[in-house]
Amino acid sequence: MYRRIADLLKNASPGDAAEIRGWVRTRRDSKGGFSFVEVNDGSCFASLQAVVPADVPGYEQSIKDVTTGSSVAISGKLVDSPGKGQRLELQADALRLLGTADADAYPLQKKRHSFEFLREIAHLRTRTNTFGAVFRVRNRVSYAIHEFFQQRGFLYVHSPIITTSDCEGAGAMFRVTASRESRDESREQDSPSMTSLNLLPSTLDPAEFFGRPAYLTVSGQLEGEIFACSLGPCYTFGPTFRAENSNTTRHLAEFWMIEPEMPFFELIDNMALAEEFIRHLCRTVLEDCQEDLAFFADRIDKEAITTLRMIAENDFLRVTYTEAVEVLTQSGMTFDYQVEWGRDLQSEHERYLTEQHFQRPVILYDYPRTIKPFYMRVNDDGKTVRAMDVLVPRVGEIIGGSQREERLDVLESRMREQDLDPAHYWWYCELRKYGTVPHSGFGLGLERLMLLITGMQNIRDVIPFPRTPKSAEF
RNA sequence: UCCCCGAUAGCUCAAUCGGUAGAGCGGCGGACUGUUAAUCCGUAGGUUGUAGGUUCGAGCCCUACUCGGGGAGCCA
């Protein structure tokens, strides 16, 4: 009976018959008349060693082609392993070679490869220890995200991927158009500039598929607010796009974001949820991904497990922007960028706070209104808004959120303050016009969370097929 | 987009002052072995990222471009 290796290692006993199917990691021949074939099927970190005697059906005609990367089905009986390195092994009674992998040409060798090289063979890198572990953890984290919100009665909202609104001006957007062939060629025209977003219905353009310029979403927040202000606490979890020409280890053109939005939540509740959320995810991974985590701690980042425990076990600090500025100016540190109230904090400042000064996750809140978007609620002091950023060691900003401005007059004046026309956001404003309520939300970048959890250095290595400037091969 | 660094065998890298290309790993052949990053012996493998320039001669110096890496900005 075909069973996956994770199942066998967890549930099977010596004496059980089983067939395994997977990809060969290594083969070692013994002159004793048998071969060791190490098979990995991706179900768990561990491979299973099959001992294949030379007189077994299939051995003679195919053993030479059982090379690293080839695919096999091996059936036999599980036995206690006399060798070191594994508890159980499969004593084979039949070997089937499913697909060969020319050893001379197969790019993955039984040696360490650089992540840069593996990125060039993204169709094969999932067969390595590192990427197997990364994507099993990513899967568990994704599931835990749904668990966390579903257990709390949050509604999962599928916010649109194609949008005609420019939320918060969160950065350059990708244009969405019908392909040239399917467009009415009589209406060729230049692309509208970025400033002509959010055209009113009266300016419908028949040459545009949607009647107006359309883009890939940069955030599901505005749509999330609609659902929060009707169906209650909700969250989105889907792909998000930024056309920024960012070339860093922390940015992608396509990434996955989780954006919860809660009615009747003030900033303090928002911060509490964000903290509970992150810590829940860390605890889940510590509990359920021990084998993969052990690998990260061994080969990727010595502190991988320590970091997760530190986050799971310690309260996040809450520090106002103003207090943070004081800490930084009194730190005696020399920064490349000067710290001054009213200016945004730079990466170096955030990292100093979370890595050196506080040495744990920190939630900064109450930022100057001038450096934050229009939808954040203005505090009574008139100078700050109810924004929060969650900063964690090594990664920096992992969550950005706020209490939303629920007062229509204040919202509209904030829009004008930032040269936005309230008419373009008419439906967003109507949420305040009809039955407005205090509400809050935040955004978490899944890949940044993955960096934190795995200890991986480059965000391109924690998403299956990274999209970055000049790169979208797979 | 800006700053810095890099591109040489399948992979990771070396090559002195500008003087005719090397190693380890991997592959292949063999030896040995309840092996497991196996070990030992042998062997093949190169338009030095692309285009131009300087020079008697360029992997090495110069220019441009392409791609990759690190940092910054933008942000999640």
Side-chain angles (χ1 to χ4, degrees), chain A residues 24-39 46-53 64 67-69 79-86 89 91 101-121 129 167-172 218-221 239-259 274 299 335-337 344-348 350-351 371-373 389-392 395-401 442-452 457-463 468-471 473:
Chain A
V24 173
R25 284 293 174 82
T26 71
R27 186 193 88 225
R28 298 176 289 273
D29 296 327
S30 169
K31 274 299 181 296
F34 51 90
S35 296
F36 299 100
V37 181
E38 208 171 303
V39 179
S47 301
L48 187 65
Q49 172 171 285
V51 182
V52 189
K64 282 294 170 197
T67 54
T68 301
V79 297
D80 288 315
S81 176
K84 290 175 184 169
Q86 64 276 322
E89 63 186 23
Q91 189 64 40
D102 181 7
D104 200 36
Y106 189 62
L108 290 175
Q109 303 166 357
K110 294 189 293 185
K111 57 172 283 194
R112 212 178 191 132
H113 289 291
S114 67
F115 291 136
E116 292 82 3
F117 171 67
L118 291 172
R119 239 170 262 150
E120 294 170 1
I121 49 169
N129 284 336
C167 174
E168 67 191 275
V218 293
S219 168
Q221 180 195 318
T240 311
F241 307 88
R242 304 280 163 89
E244 298 289 346
N245 192 4
S246 297
N247 294 286
T248 80
T249 53
R250 300 181 309 284
H251 290 85
L252 291 164
E254 176 184 288
F255 63 100
W256 286 65
M257 190 152 66
I258 300 98
E259 295 181 284
R299 295 295 179 84
F335 295 111
D336 291 339
Y337 291 84
D344 215 350
L345 298 180
Q346 304 294 313
S347 295
E348 57 175 344
E350 296 180 341
R351 294 190 64 157
I371 59 172
K372 289 294 182 183
D389 282 354
V390 179
L391 311 180
V392 294
V395 178
E397 183 182 341
I398 197 168
I399 279 180
F442 61 82
L444 168 77
L446 178 64
E447 288 76 19
R448 290 202 178 162
L449 178 71
M450 285 294 298
L451 292 179
L452 175 70
Q457 303 277 325
N458 194 315
I459 201 162
R460 294 161 197 164
D461 297 326
V462 296
I463 188 168
T468 53
K470 304 272 162 44
S471 173
E473 173 76 12

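Reminder, nothing fancy here: chain letters follow the sequence lines and each chain counts from 1.
Judged purely by distance below 3.5 Å, without hydrogens or angles, the side chains of A:S35 and A:D29 pair a donor atom with an acceptor atom.
Only the P atoms considered, B:G27 is 9 Å distant from B:A38, to the nearest whole Å. B:C60 and B:A9 have their P atoms separated by 15 Å, with the value rounded to a whole Å. Taking atom P in both B:G59 and B:U48, one finds a spacing of 7 Å when rounded to whole Å. For the P atoms, the distance linking B:A14 with B:U55 amounts to 31 Å, nearest Å. Taking atom C1' in both B:U36 and B:G71, the straight-line distance is 41 Å, to the nearest Å. Nucleotides B:U12 and B:G52 have their P atoms positioned 28 Å apart, rounded to a whole Å. Of the P atoms belonging to B:U16 and B:C62, the separation is 15 Å, rounded to the nearest Å. Rounded to whole Å, the P atom of B:A37 lies 46 Å from the corresponding atom of B:U1.
Taking a pair to require two hydrogen-bonding distances under 3.5 Å in either a Watson-Crick or a G-U wobble arrangement, B:U63 pairs with B:A51. Base pairing of B:C28: its partner is B:G42, meeting the Watson-Crick or G-U wobble criterion (both donor-acceptor distances under 3.5 Å). With a cut-off of 3.5 Å on both Watson-Crick or G-U wobble distances, the partner of B:A14 is given as none. In this entry B:G34 has no Watson-Crick or G-U wobble partner, no candidate having both defining distances under 3.5 Å. Remark: B:A58 base-pairs with no nucleotide in the shown strands. Criterion, Watson-Crick or G-U wobble with two distances under 3.5 Å. Across every strand in view, B:C2 sits in a pair with B:G71 that passes the Watson-Crick or G-U test at under 3.5 angstrom.
Between A:P53 and A:Q91, the closest side-chain pair of non-hydrogen atoms falls below 4.5 Å. By the 4.5 Å heavy-atom criterion applied to side chains, A:V218 and A:F241 are not counted as neighbours. Using a 4.5 Å heavy-atom cutoff, the side chains of A:H113 and A:L108 are in contact.
Along RNA chain B, the nucleotide closest to A:S471 and the one closest to A:T26 are compared, and the more 5′ of them pairs with A:T26. If you find the closest nucleotide of RNA chain B to A:K31 and to A:S246, the one lying nearer the 5' end belongs to A:K31.
Checking A:L451, A:D389, A:L452 one by one against A:I398, the side-chain contact (heavy atoms from CB on, under 4.5 Å) holds for a single residue, A:L452. Residue A:E38 is tested with A:R27, A:R25, A:R28 for a salt bridge (charged side-chain N to carboxylate O under 4.0 Å, His left out); the sole match is A:R28.
Rounded to whole Å, the distance from NZ on A:K84 to P on B:U36 is 10 Å. With rounding to whole Å, A:R112 atom CZ is found 12 Å from B:U12 atom C1'. When the P atom of B:U12 is taken as reference, atom CD of A:E116 falls 8 Å away, rounded to whole Å. For the pair A:F117 CZ and B:U12 P, the interatomic distance rounds to 6 Å; values are reported in whole Å. A:Y106 has its OH atom 14 Å from the C1' atom of B:C11, to the nearest Å. Separating the CG atom of A:D389 from the C1' atom of B:C75 is a distance of 10 Å, rounded to the nearest angstrom. Residue A:D29 contributes atom CG, which lies 14 Å from atom C1' of B:G29 at whole-angstrom precision. If you measure from atom CZ of A:R28 to atom P of B:U35, you get 10 Å, rounded to the nearest angstrom.
For A:E89 against B:U36, no side-chain N or O and base N or O form a donor-acceptor pair under 3.5 Å. One can find a donor-acceptor pair under 3.5 Å joining the base of B:U1 and the side-chain atoms of A:N247. For B:G10, its base sits under 3.5 Å from the side chain of A:Q109 at one donor and acceptor pair at least. Between the side chain of A:Q49 and the base of B:U35 there is at least one donor-acceptor pair of N/O atoms closer than 3.5 Å.
A:F36 does not qualify as a stacking partner of the B:G34 base, lacking a centre-to-centre distance under 5.5 Å together with planes within 30°.
Looking at A:S246, its side chain never comes within 3.5 Å of a backbone N or O of A:T248 through a donor-acceptor pair.
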